[in-house]
Every structure is written in C-alpha cells, then in structure tokens.
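Below is one structure, written out as structure tokens; comments come after it.
All of these numbers come straight from a predicted model, not from anything done at the bench. Throughout, protein chains are lettered first and strands after them, A, B, ... in sequence-line order, and every chain is numbered starting at 1.
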Amino acid sequence: MSKLQPVRGTHDLLPEESRRFAHVVDTSRAVAALYGYREMATPIFEFTELFARGIGETSDVVSKEMYTFEDRGGDSLTLRPEYTAGICRAFISNGELAQQLPLKIFAAGPMFRYERPQKGRQRQFHQIDIEVLGAPEPGADIEVITLAADILDRLGILDRCVLKLNSLGDPQSRAGYRQVLVDYYRGHIDKLSDDSRARLERNPLRILDSKDEGDKAINAEAPSLAEYLNQSSREFFAAVREGLGAAGISFELDPALVRGLDYYTHTAFEFVTSHIGAQGTVLGGGRYDGLIAELGGPPTAGIGWAGGIERLMMLCNEPPAPARPVVLVPLGAAAEAKALGLGRALRAAGIAVEQDYRGTMKRRMQRANKLNARAAVILGDDELAQGVVQLKDLDSGEQHGVAMNGLVEALKT
RNA sequence: GCGGCCGUAGCUCAGUUGGUUAGAGCGCCAGAUUGUGAUUCUGGAUGUCGCCGGUUCAAGUCCGGUCGGCCGCCCCA
C-alpha cells in the first residue's frame, strides 16, 4: 500500500467526469431499451475456471492479464476481464432464461485487466455490453450492430467512428483456414518478426494484423480467409452485409480483423476511431455460437459486443447541463425555518432547490452564483410578516416580490 | 511484459551554465459602510519542486533507484 494514491491503472471519477460517465451509460441503456433489450448484471468476480475455459487459455487476457486470487475458502476467483463469459454462465445457472429465447441483454459495469496503463487503457475500466443468446440467424448480427451504431449516433460520435467488419466463418472454415495459414507462415518463418513467430503458436490469425513491415510483405501473399469460408459461412456473411446495407449502416470489410478471444466465429466487428490515441477500438464484438456449449450449457448461439465507457467518454461531447437550481436565501432563524418548508414544496414540484447551512446574505448569494443558480429566493423578517418573498433572477439581476403561495407557479417555466 | 518521454501551488506553466527567502496567470480566501451574486478595485494564503538515496561547499536544476503519468509495441474496450 503506497501513500494516498489510487492503485495503478485505477481512477477516481470526480463529479464532473461522473456526469459524463452516466451520460454514456444512460444513453446506451435508453437506446438498448428501444430495441427491447433488458438490463441484467452478474457478479464482478467468478470462478477463474469460467474465464480460462471461456476466453481461451492462450489468449493474452487469460494468460497474462487476469486479476486472480484465492479466497479464504481456497477457491480461485478472478475479477471479470469481460462480460460475455459471466452472462453465459448466468444463462446456464438460471434455467428460466432458456425459456426466454432469444434473450436480449444490456449490461454495464467494471472490468479488470492487469495491463500497462495508457491513454484509453486502465486496469479497472468500464464497459457497456450487449448480448443476444439463442439466435443463430444473421438478423441478430445485424440488429446488434445497428444498435451499436444507434448508440454511437445518439452520443454524437458515430461520424468519428468507422465500422470494420469481417467473418471468421464457422468452426470448420476457421479451423481449415488456420491450418492453411500456419503452413504458409511456416514456409516464411525465417522472415517473420519475433512477435509473429510467437503468434504462430498461439493465434496465427493475428499475424494478418501485424504492424511489422516484414510481416506485411509476407501477408500480402498470404491466403485469404474469405476464400476458405464454406458455402454456409459465405451465405451467412453475405446476409449480414446485406442487412446492414438495408439498415443504412456503412462499414468497411477488413480481412485482417481478428479478435483476440478464442470463442469468436462468423461475424467479427469493431467500431474504431483515430481520435483517442493508439487504442482505436471503441466498441467491438462478434458471434460466439460455441461458447455456451463449451461452458457446459445447452448448445445456444450467441452474439454480442462490448463498448469501453471511458473511450466513449473521450469521444463524447459535453453532456446536457443539469437543471439550474433555485437557491433559498433566508435571513434569520425564523426565515431559515420557513425556507425549509418552502424548499420541500418547490422540490415536490420538480424544481431543483439548494439552501446553505449557514452564512451571511452575501455569502449565500455568492454560493448561488457559483452553483449557477437561475434565481435566488430571498426572505427576511419583512417578507415573512407579509407572506411574500423576494425573487431575484440571477441572469438579469431583476428582483420583485412574490406571494409565498405563488412561488411554485412563478418558478415553473 | 518490452522501448522512449515526463513529474514545480487546486489548474496551466516559468525557473538562466547547479548559487541566498521558488515565481506568473487562472482559481481560492478576505475586504471595498446599509438585506444582494456574477463585473471592478485592494489585500492574502498557498508548495516536504512526486518519493528515497547519491555527487557537491551548495541540487527544483546533475546521477541512480522507486512510484505515477504520457507515447509506442504486445493486446484489447
């Protein structure tokens, strides 16, 4: 424990930022609700086994980024590094969910990955998450991507993002291609970068996305995934592309788009941006038809995505300002007591009201100004005796008397 | 996990080739007679110069370590 600093890669969300955070989540939740997605939540930690099995032992997330610890009962637990595995587990654990297919879920919450922090990358970060379980049709892919685009649009950032799209094909296509690819790279192994040589064992598809110049030359001649998709995989992908076109969603095909988690099949996609540094992915996901069965559940198709809330926040415009309050400025004990009741009445009418706990009139007026109040309600002994209040508009500076029982009306606009 | 840059008041930064009590703007606090903010004027407080150690007569300035941030790689949201 070192000093009064937050743990590396974690951050305090101060009120101003918290407002932006809430804006992203609230907006996403609202759009998801328009599509009929229901919110749920799963625990922040699970048995380590779940992630190891679900995400894949060879993935970076599992092999070097998990926050894993043993609890007092000796169980190995892990702070969730992503949402999908937990939701699939919840689907298996709660039998009634299998009777609600297709299950359309919205979720949001913190994720944990032990990584070197950078701009747009923290050890505790937050995601919004969308999943559809039990829908093997391309319509689910289309809907989920359309929903993502609508959220980005509603946040005002769609025009700063590009949708990249690819298909990994069904497991047979993917496995076949993988073998062809490994054979191809083996033939050029002496020219591959060190990174890519390591990738050859763990995740050869990733080499396609290498930034190394030598690798790029080799990739130029590499067999293309699209050619190794079988008939049904091609048809599926074509249906997704056509559906997106019909929905008015523009995208770029990216044959090198290979997502890192082992469970992906068919559609893979990312919304990327060049506005937030090296971490260009704002939202990404894909189809994972084999995952639930792999975890021991009934064979159930799945597709979904996760969006990084912090990354979305970096892209977002200022959220709408909160309602400007009215500030009560009582002078003297009797007025202070009276103001308490007035305040409740105003709040009951939906008006934001603040009242200082102490201070002179001057101080209270200064506070009112700092709070960006729209009006001050001044009441002293004279006003009290007459049953009125001085209502001062803090923008114009104009002030006039208003009967106490007419105050709510006067402030409603 | 690897490579590079950086760390001075709440914020943005200045600080000569190491040399006395470390500065500015913004913000903050107080005052400018009466029961009135924001504007204006006057005054004030700010800091273990990230932390630890070393070199030196002398370190905010140089060196090492450490913590943190940023950038790139890996990977991802």
Side-chain angles (χ1 to χ4, degrees), chain A residues 1-11 14 24 55 58-65 80-84 108-130 148 161 193-196 198-199 202-203 206-207 209-212 257-261 270-273 276-285 304-315 327 329-332 335 356 359-384 390-399:
Chain A
M1 198 187 308
S2 62
K3 315 197 188 104
L4 265 15
Q5 287 178 334
V7 173
R8 178 168 221 190
T10 67
H11 275 105
L14 303 186
V24 169
I55 299 171
T58 60
S59 69
D60 277 39
V61 170
V62 170
S63 62
K64 59 179 199 185
E65 294 173 1
R80 64 184 181 200
E82 55 106 50
Y83 226 139
T84 304
M111 306 294 155
F112 304 84
R113 258 120 95 157
Y114 189 88
E115 295 187 274
R116 183 85 181 262
Q118 242 176 274
K119 184 176 193 147
R121 170 185 294 166
Q122 300 163 226
R123 288 182 177 181
Q124 178 181 339
F125 61 104
H126 300 78
Q127 292 184 330
I128 51 174
D129 191 89
I130 284 287
C161 297
S193 66
D194 290 346
D195 276 338
S196 288
R199 282 189 276 234
R202 294 203 323 271
N203 192 347
R206 277 238 87 91
I207 302 176
D209 204 17
S210 175
K211 285 161 191 159
D212 180 86
L257 174 57
V258 177
R259 298 183 50 77
L261 281 29
E270 289 182 0
F271 282 87
V272 300
T273 182
I276 56 171
Q279 275 61 50
T281 303
V282 154
L283 186 157
W305 52 257
I309 296 176
E310 286 84 358
R311 291 184 186 178
L312 292 165
M313 283 166 70
M314 287 191 280
L315 236 37
V327 169
V329 181
L331 306 166
D356 276 356
T360 60
M361 179 175 195
K362 185 187 184 73
R363 187 194 137 79
R364 288 169 192 263
M365 291 300 287
Q366 283 175 340
R367 283 274 302 163
N369 196 62
K370 242 173 247 172
L371 293 169
N372 189 32
R374 54 193 250 245
V377 172
I378 301 159
L379 68 160
D381 293 336
D382 294 348
E383 285 80 9
L384 229 42
Q390 290 297 318
L391 179 57
K392 178 164 188 171
D393 183 306
L394 291 176
D395 292 327
S396 67
E398 282 166 27
Q399 178 177 326

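Residue A:Glu115 is classed as a base contact, given a heavy-atom separation below 4.0 Å to a base. No engagement by A:Gln124 is indicated, since no non-hydrogen atom pair under 4.0 Å with the nucleic acid exists. At the heavy-atom level, A:Gly285 lies nowhere under 4.0 Å from the strands shown. No contact: A:Arg364 has no heavy atom under 4.0 Å from any strand.
Taking atom P on both B:U42 and B:G27, the two are 15 Å apart, rounded to the nearest angstrom. Nucleotides B:G23 and B:U48, compared at atom P, are 15 Å apart to the nearest Å. Across B:G25 and B:G7, the matching P atoms stand 23 Å from one another, rounded to whole Å. Nucleotides B:C5 and B:A9 have their P atoms positioned 23 Å apart, rounded to a whole Å. As rounded to the nearest Å, B:U17 and B:G50 have C1' atoms that lie 26 Å from one another. Taking atom C1' in both B:C62 and B:G18, the straight-line distance is 8 Å, to the nearest Å. On the C1' atoms, B:C71 is 39 Å away from B:C29, given to the nearest whole Å. The C1' atoms of B:G72 and B:G10 are separated by 32 Å, rounded to the nearest whole Å.
Under the 6.0 Å distance and 45° angle rule, A:Arg80 counts as a cation-pi partner of A:Tyr83.
In this structure, A:Pro117 and A:Arg123 have side chains that are in contact, with non-hydrogen atoms separated by less than 4.5 Å. Between A:Met365 and A:Val327, every side-chain heavy-atom pair lies at or beyond the 4.5 Å cut-off.
Taking A:Gln399 as the reference, A:Gln390 meet the side chain to side chain donor-acceptor pair (under 3.5 Å) condition, with sequence neighbours excluded. For A:Asp194, there are no side chain to side chain donor-acceptor pair (under 3.5 Å) partners, not counting sequence neighbours. For A:Asn369, there are no side chain to side chain contact (heavy atoms under 4.5 Å, CB included) partners at least two apart in sequence or on another chain. By the side chain to side chain donor-acceptor pair (under 3.5 Å) test, A:Arg367 is found to be paired with A:Asp356, residues two or more places apart in sequence or in another chain being considered. For A:Arg364, the salt bridge (charged side-chain N to carboxylate O under 4.0 Å, His left out) criterion is met by A:Glu336, not counting sequence neighbours. Applying the side chain to side chain donor-acceptor pair (under 3.5 Å) criterion to A:Glu310, with sequence neighbours excluded, gives A:His126. Scored by the side chain to side chain contact (heavy atoms under 4.5 Å, CB included) test, A:Lys370 finds no partners at all (sequence neighbours excluded). Legend: residues meeting side chain to side chain contact (heavy atoms under 4.5 Å, CB included) with A:Arg116, ordered by chain and number and at least two apart, are A:Arg8. Evaluation of the side chain to side chain contact (heavy atoms under 4.5 Å, CB included) rule for A:Glu65 yields A:Asp60, A:Val61, A:Arg113, A:Glu115 as partners, not counting sequence neighbours.
Residue A:Arg121 has no polar side-chain atom (N or O) positioned under 4.0 Å from OP1 or OP2 of B:C76.
If you take CD of A:Glu82 and C1' of B:A77, they are 11 Å apart, rounded to a whole angstrom. Protein atom CD of A:Gln118 is 13 Å distant from nucleotide atom C1' of B:A77, rounded to whole Å. In this structure, the CE atom of A:Met111 is 17 Å from the C1' atom of B:C75, given to the nearest Å. Atom NZ of A:Lys119 and atom C1' of B:G72 are 14 Å apart (whole Å). As a whole-Å value, the separation of A:Asp194 CG from B:G3 C1' is 14 Å. The separation between A:Glu270 atom CD and B:C76 atom P is 8 Å, rounded to whole Å. One interatomic measurement links the two molecules: CZ of A:Arg123 to P of B:C70, which rounds to 12 Å at whole-angstrom precision. The distance between atom CD of A:Gln122 and atom P of B:G68, rounded to the nearest whole Å, is 14 Å.
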A correct 5'-to-3' footprint of nucleotides 28-38 of chain B, with B, S and - meaning base, sugar-phosphate only and no protein heavy atom under 4.0 Å, is SS-----BBBS
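Each of B:C75, B:A77, B:G69 was ranked by its minimum atom distance to the side chain of A:Arg199; first place goes to B:C75.
A donor atom on one side chain and an acceptor atom on the other are not found under 3.5 Å apart for A:Thr10 and A:Gln124.
Checked by distance alone, A:Arg116 brings no side-chain donor or acceptor within 3.5 Å of a matching partner on the base of B:C76.
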For nucleotides 39-46 of chain B, give me every protein contact, N/O to N/O, under 3.5 Å, one pair per line with atom names.
none

Annotated structure of RNA chain B as dot-bracket, pair cut-off 3.5 Å, Watson-Crick or G-U only, | for inter-strand, is (((((((..((((.....[...)))).(((((.......))))).....(((((..]....))))))))))))....
